[in-house]
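Some notes on the structure that comes next.
Remember, predicted model here, so these are calculated numbers, not experimental data. In what follows, chains are A, B, ... by sequence order, proteins preceding strands, each numbered from 1.
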Amino acid sequence: MDKIAIEQKWNQLWKEQKAYSFDRNNVKDKDYVLEMFSYPSGAKLHIGHWYNYSLSDSYARYRVLKGKNVYQPMGFDAFGLPAENYAIKTGIHPQDSTLKNIAVMEKQLQDMGALFDWDSEIKTCMPDYYKWTQWMFCQLYKNGLAYRKKAPVNWCDSCQTVLANEQVIDGKCERCGHEVVKKDLTQWFFKITQYAEELLNDLDKLDWPEKTVAMQRNWIGKSVGGEIEFTLESGKAFRVFTTRADTLYGCTYVILAPEHPLVDEITTAENKEKVALYKEQSLKSSEIERLSTAKEKTGVFTGAYAINPVNGEKVQVWVGDYVLYSYGTGAVMAVPAHDERDFIFAQKHGLEIKRVVCDPNGNEELPFCQYGTLINSQEFDGMDSATARVEIVKKLETQQKGELKTNYRLRDWLVSRQRYWGAPIPIVYCPDCGTVLDERLPVELPYNVNFTPDGESPLKKCEEFINTTCPKCGKPAKREADTMDTFVCSSWYFLRYPDANNDKEPFSTEWIDKMLPVDKYIGGAEHACMHLLYARFFTKALRDMGYLHFDEPFLSLVHQGTILGPDGNKMSKSLGNTVSPDEYISKYGSDVFRTYLAFGFKYIEGGPWSDDGVVGINKWLDRVERQVQLAFGDYPTTQENGKAEQDLNRVLHNTITHVDEDYASFSFNTAVARMMELTNALAKYEGQATKNREVYTNVAKQLVILLCPLAPHFTEELWHQIGQEGFVIRQKFPKFDENALKVQQVELLVQVNSRPKARIQVATGLSNEDLQKTVLCDEKVQEALNGAPIKKVIVVPNKLINFII
RNA sequence: GCGGAUGUGGUGAAAUGGCAGACACGUAAGUUUCAGACGCUUAUACUGUAAAAGGUGUGCAGGUUCAAGUCCUGUCGUCCGCACCA
């Protein structure tokens with residue numbers, strides 16, 4: 001068979017004769033299979049795309065064979081930084097390059113022969129989509145879930161531009177090498193923290209990989225503790241957050257984050273210079289660097305003192321960069337006796353270390369960071385830490401000096417981007433009315449914009465865009481010049497797909513309540529914390545506004561692994577280790593390529609690229625073709641259903657049950673292995689002098705159906721070669737017959753003291769006593785036992801018997 | 001650093017606590033062929049042996065168990081994420 005020539009033929013025929021399409025009138029059997037949509041970054045599909053999309057399509061096809069009405073949409077996450085950077089470099093407009101890339105990718109995805117529902121295609125950069133992204137912003141704003149506050153950005157003074165984290169290399173601008181600084185801008189946030197508790201609790205409902213659930217749990221980072229108020233000599237107060245209020249009597253100093261607004265105010269004249277210098281330095285390092293426990297804990301004294309509310313003690317106020325302004329209150333109480341970092345810091349700067357918790361095991365060593373019994377803590381002496389951490393805060397509560405508080409590591413979602421290629425934020429600033437939501441959607445992104453960086457958001461310089469009228473009073477007003485994070489676009493696209501052509505609303509509530517949640521979501525593990533959390537947040541927020549009536553968007557989640565370069569590194573142009581799928585596809589065809597991807601890697605792990613097995617798969621498909629054709633060829637027949645037939649059938653049903661499970665769990669490599677075994681069994685049966693045509697052809701036919709999800713064009717051609725009616729994809733997944741697996745005899749392993757000694761044939765279904773008798777009659781077994789008394793016998797049915805002597 | 005994974009032949013990899021290496025690639029020998037390609041057969045963890053028998057083997061060190069790649073403790077290496085890449 002010319003595997004390449006037949007591909008176009010079947011793609012064409014499938015399309016013309018509607019071999020498969022989602023049936024909108026049969027929602028009860030719907031199966032929403034969704035792959036994370038792709039960013040149209042390069043001109044062509046790379047190996048990663050193939051790995052993700054062709055094999056999820058195999059899963060989708062498997063579900064179709066299992067009788068499901070599969071809905072598998074496809075689209076493009078088309079806004080984003082790379083297109084804009086490319087534009088700055090080459091002058092090619094992001095819209096032009098993006099739409100061109102999309103056109104090429106669409107063609108390639110269609111050639112893949114996947115069951116995508118192209119009627120519901122989405123491109124997030126088109127006004128008919130981002131209109132509704134802006135609508136989402138409006139709803140969040142109206143429900144108090146969008147707000148503005150100041151937040152720092154990475155700023156390169158030389159390029160006069162905001163930089164993404166990935167554009168900052170070792171604290172320097174990737175373009176010019178100039179030092180990057182933090183700069184405060186007023187920016188838009190979504191209040192995802194309002195849903196922190198529900199986002200955490202509902203993780204239990206999800207059929208997600210455990211590690212992803214663990215990562216989200218950690219990302220949300222719930223910690224239960226208390227806020228405690230310290231008063232400055234000036235009378236001003238600030239709060240610290242702690243989970244260890246039981247150690248409050250051991251607090252010997254407090255530390256403020258360098259960004260804390262009080263720092264400048266309280267620093268005494270003689271410390272001003274030193275503190276200013278320290279602040280400047282710490283603002284240059286990233287949070288990861290600052291939190292690293294390997295890094296030396298640094299800090300400087302402000303000269304100010306604060307009062308510990310629980311005992312009135314005067315403690316020094318320091319500035320230290322291991323305290324983050326973005327977490328808790330941006331200030332911590334330091335208890336060197338009972339905290340590792342504080343201990344190191346105190347030793348270095350000669351600060352007092354005061355023990356207030358005893359180790360129940362009498363260990364005198366410091367720091368002691370576990371729970372214990374309180375000492376030197378006035379009326380709390382003798383209390384255990386667990387009780388005291390609540391009781392001490394409760395006491396302060398009566399004096400309005402503290403309160404119990406649950407903190408989350410999760411921060412509100414910063415959605416402002418000072419960039420061109422994104423969805424404009426639908427906000428207008430009116431001199432009279434102030435900040436006004438603009439619901440005259442879409443707020444269109446203008447084409448003619450100068451996006452060369454010069455310190456301003458590109459849209460700010462576009463007169464036709466920035467100047468508008470106030471939606472409230474109609475007077476001249478200015479638009480918000482920032483655009484939205486592209487994660488906003490991808491936080492609701494799965495809701496748009498089923499109703500992609502709706503121009504009245506983002507989606508019909510009634511319809512998506514039927515179509516969602518997504519039954520199987522497939523995508524990279526790198527999205528564990530951000531995209532997957534944002535999409536869950538959107539779903540819950542829209543539910544609370546009444547636009548939909550389910551709690552979670554993705555019931556079941558699978559991560560595909562990453563195909564790395566042959567050198568084991570991530571494929572990247574700069575490393576020069578990229579591998580193009582094109583040469584394999586033009587040489588062997590897409591079916592061979594995707595079957596190889598299925599067989600050569602563990603789907604959820606991926607691994608370094610190697611094409612060692614591609615020829616092997618090509619050979620195997622040829623072998624399948626040969627074996628199947630032989631089954632439908634001429635040969636002497638028999639009506640007998642003897643051992644050879646039973647053996648062949650046993651392999652068939654063993655294959656059916658395993659391939660079924662393997663497809664369901666994305667274990668494509670073992671599915672292929674099982675089908676190879678079936679091919680081997682067919683070859684073996686072919687050697688029989690006379691063959692039972694019914695059994696033989698049935699096995700061959702079932703093999704073609706089993707293989708259809710991985711090699712759709714190939715199996716379709718073969719199906720017709722052997723004279724079958726209809727399309728393979730319209731057949732039923734082979735039915736498993738447990739009886740076919742039954743055998744009369746098994747080989748049993750006999751162990752003595754857990755050492756293998758003999759293998760003997762025994763009948764199945766014997767009782768343990770009968771089995772023992774049979775086994776003990778065997779010569780080799782007797783020899784191994786050598787007459788020693790048997791202390792214990794362990795039987796694993798049909799597998800082994802172990803005599804302990 | 002924190003969080004999450006992961007470690008098995010020459011290679012990709014299999015193994016509900018029950019014969020480690022299924023299924024392939026590669027390699028070697030044989031067979032078919034005028035020849036090559038294709039196909040077919042056999043072997044292929046290490047060590048040992050004439051051949052067997054035996055011994056050793058799942059990063060490393062311990063532990064639990066009749067039995068450990070699998071469970072537990074510790075340790076080392078590698079990979080991924082860390083909030084403006086998507």
When you get a sec, tell me which of G18(B), A22(B), A86(B) is the closest nucleotide to the side chain of Lys799(A)?
G18(B)

Presence of Arg623(A) side-chain N/O under 4.0 Å of C40(B) phosphate oxygens OP1/OP2
yes

Write down the distance separating the P atoms in C60(B) and A68(B), rounded off to the nearest Å.
16 Å

At under 4.0 Å between heavy atoms, what does Glu677(A) touch on the DNA or RNA strands: base, sugar-phosphate, or nothing?
sugar-phosphate

Side chain Gln187(A) and base C84(B) donor-acceptor under 3.5 Å
yes

Students often get this wrong, so: under 4.0 angstrom with heavy atoms, is Gly606(A) touching a base, only sugar-phosphate, or nothing?
sugar-phosphate

Would you please indicate if the ring centroids of Phe190(A) and Tyr534(A) are separated by under 6.0 Å?
no

Atom C1', compared across U56(B) and G1(B): separation rounded to whole Å
41 Å

With syn meaning chi within 90° of zero and anything else anti, the base of G9(B) is syn

Asp622(A) atom CG is separated from A37(B) atom P, nearest whole Å, by 16 Å

Give a yes or no on whether the ring-centroid distance for Phe345(A) and Phe343(A) is below 6.0 angstrom.
no

Closest to the Ser754(A) side chain: C66(B), A83(B), G18(B)?
C66(B)

Pick base, sugar-phosphate or nothing for Asn802(A), based on heavy-atom distances below 4.0 Å to the nucleic acid.
base

Nearest-angstrom distance, P atom, U58(B) to C46(B)
15 Å

Below 3.5 Å, can you tabulate the donor-acceptor pairs from side chains in residues 749-756 of chain A to any protein atom, sequence neighbours excluded?
| from | atom 1 | to | atom 2 | distance (Å) |
| --- | --- | --- | --- | --- |
| Gln751(A) | OE1 | Asn802(A) | ND2 | 3.4 |
| Asn753(A) | OD1 | Ile805(A) | N | 2.9 |
| Ser754(A) | OG | Asn802(A) | ND2 | 3.2 |

Go through the N and O atoms of the side chain of Asn753(A) and the base of C66(B), and report whether any donor-acceptor pair is under 3.5 Å.
no

So if I take every side-chain heavy atom of Lys792(A) and compare against A86(B), U56(B), C66(B), which nucleotide ends up nearest?
C66(B)

Check the angle between the aromatic planes of His531(A) and His527(A) and answer parallel, tilted or perpendicular using the 30° and 60° thresholds.
perpendicular

For Asn101(A) and Tyr39(A), which I'm curious about, is there any donor-acceptor pair between the side chains at under 3.5 Å?
no

Separation between the C1' atoms of A24(B) and G77(B), rounded to whole Å
28 Å

What contact category does Arg217(A) fall into here, base, sugar-phosphate, or nothing, at under 4.0 angstrom with non-hydrogen atoms?
nothing

Touch check for Arg626(A), heavy atoms < 4.0 angstrom, all strands: base, sugar-phosphate only, or nothing?
sugar-phosphate

Please confirm whether the ring centroid of Tyr129(A) lies under 6.0 Å from the ring centroid of Trp492(A).
yes

Using a cut-off of 4.0 Å on non-hydrogen atoms, how would the nucleic acid contact of Phe599(A) be classed: base, sugar-phosphate, or nothing?
base

Looking only at the side chain of Lys602(A) (C-beta and beyond, no hydrogens), which of the listed nucleotides A86(B), A13(B), A5(B) gets closest?
A13(B)

Looking only at atom P, what distance separates G4(B) and C72(B), rounded to whole Å?
15 Å

Could you state the NZ-P distance from Lys182(A) to C84(B), rounded to the nearest angstrom?
12 Å

How many Å lie between CG on Asn218(A) and P on C2(B), as a whole number?
12 Å

Residue whose nearest RNA chain B nucleotide is more 5′ - Phe37(A) or Glu605(A):
Glu605(A)

Between Asn680(A) and C23(B), is there a contact of a side-chain N or O with OP1 or OP2 at under 4.0 Å?
no

Begin with the C-alpha distance, continue with both residues' side-chain angles, and end with the deciding distance and a verdict on salt bridge (charged side-chain N to carboxylate O under 4.0 Å, His left out) for Arg650(A) and Asp647(A).
CA-CA 5 Å; Arg650(A) 188 175 322 113; Asp647(A) 284 349; 3.2 Å; yes

Phosphate-side-chain proximity, Arg411(A) and C82(B), N/O vs OP1/OP2 below 4.0 Å
no

With P as the reference atom in both, quote the distance from G48(B) to C38(B) in angstrom, rounded to an integer.
35 Å

Between C23(B) and A86(B), how far apart are the two P atoms, rounded to whole Å?
46 Å

Checking all strands, does Ser416(A) fall into the base, sugar-phosphate, or nothing category for heavy-atom contacts under 4.0 angstrom?
base

Please state how far atom CH2 in Trp421(A) lies from atom C1' in C85(B), giving the value in whole angstrom units.
17 Å

Check: Tyr147(A) ring centre within less than 6.0 Å of Phe189(A) ring centre:
yes

Could you state the atom-to-atom distance from CZ of Arg536(A) to P of A83(B) in whole Å?
20 Å

Using the six-membered ring wherever Trp is involved, compare the ring planes of Tyr130(A) and Phe79(A) and label them parallel, tilted or perpendicular (cut-offs 30° and 60°).
tilted

Between Ser223(A) and Asn407(A), is there a side-chain donor-acceptor contact under 3.5 Å, judged purely by atom types and distance?
no

Would you mind classifying the nucleic acid contact of Trp413(A) as base, sugar-phosphate or nothing, using non-hydrogen atoms under 4.0 angstrom?
nothing

C1' gap between U75(B) and G7(B), integer Å
14 Å

Looking at every strand, decide which applies to Ile804(A) at a 4.0 Å heavy-atom threshold: base, sugar-phosphate, or nothing.
sugar-phosphate

Taking the six-membered ring for Trp, are the ring centroids of Trp188(A) and Phe137(A) within less than 6.0 Å of each other?
yes

Could you check whether His531(A) gets within reach of a base, just the sugar-phosphate, or nothing at all, counting any heavy atom under 4.0 Å?
nothing

Which is true for Leu81(A) with a 4.0 Å heavy-atom rule: it touches a base, it touches only sugar-phosphate, or it touches nothing?
sugar-phosphate

Picking from G3(B), C84(B), A86(B), the nucleotide nearest the side-chain atoms of Met215(A) would be G3(B)

Nearest heavy atom decides the nucleotide; on that basis, is Phe601(A) or Leu800(A) closer to the 5' end of RNA chain B?
Phe601(A)

Tell me which one of Tyr51(A), Trp50(A), Tyr584(A) satisfies ring pair (Phe, Tyr, Trp, His ring centres under 6.0 Å) with Trp609(A).
Tyr584(A)

Spacing between Phe803(A) atom CZ and A67(B) atom C1', to the nearest angstrom:
15 Å

Identify which nucleotide among G18(B), C82(B), G4(B) has an atom closest to any side-chain atom of Trp219(A), counting heavy atoms from C-beta outward.
C82(B)

Is there a donor and acceptor pair, one atom on the side chain of Gln751(A) and one on the base of C66(B), closer than 3.5 Å?
no

Are Thr578(A) and His46(A) close enough that a side-chain donor and a side-chain acceptor fall under 3.5 Å?
no

A correct dot-bracket answer for RNA chain B, with pairs being Watson-Crick or G-U at under 3.5 Å, [ ] for crossing pairs and | for inter-strand pairs, is (((((((..(((.....[....)))((((((.......))))))(((......)))..(((((..]....))))))))))))....

Strictly by modelled atom types, are Arg419(A) and Asn85(A) linked by a side-chain donor-acceptor pair under 3.5 Å?
no

Nucleic acid contacts of residues 610-619 of chain A, taken as heavy-atom distances under 4.0 Å to RNA chain B
Asp612(A), Gly616(A), Lys619(A)

How would you label the contact of Leu410(A) with the nucleic acid (heavy atoms, under 4.0 Å): base, sugar-phosphate, or nothing?
base

Counting side-chain heavy atoms from CB outward, which of A15(B), A86(B), C84(B) is closest to Phe487(A)?
A86(B)

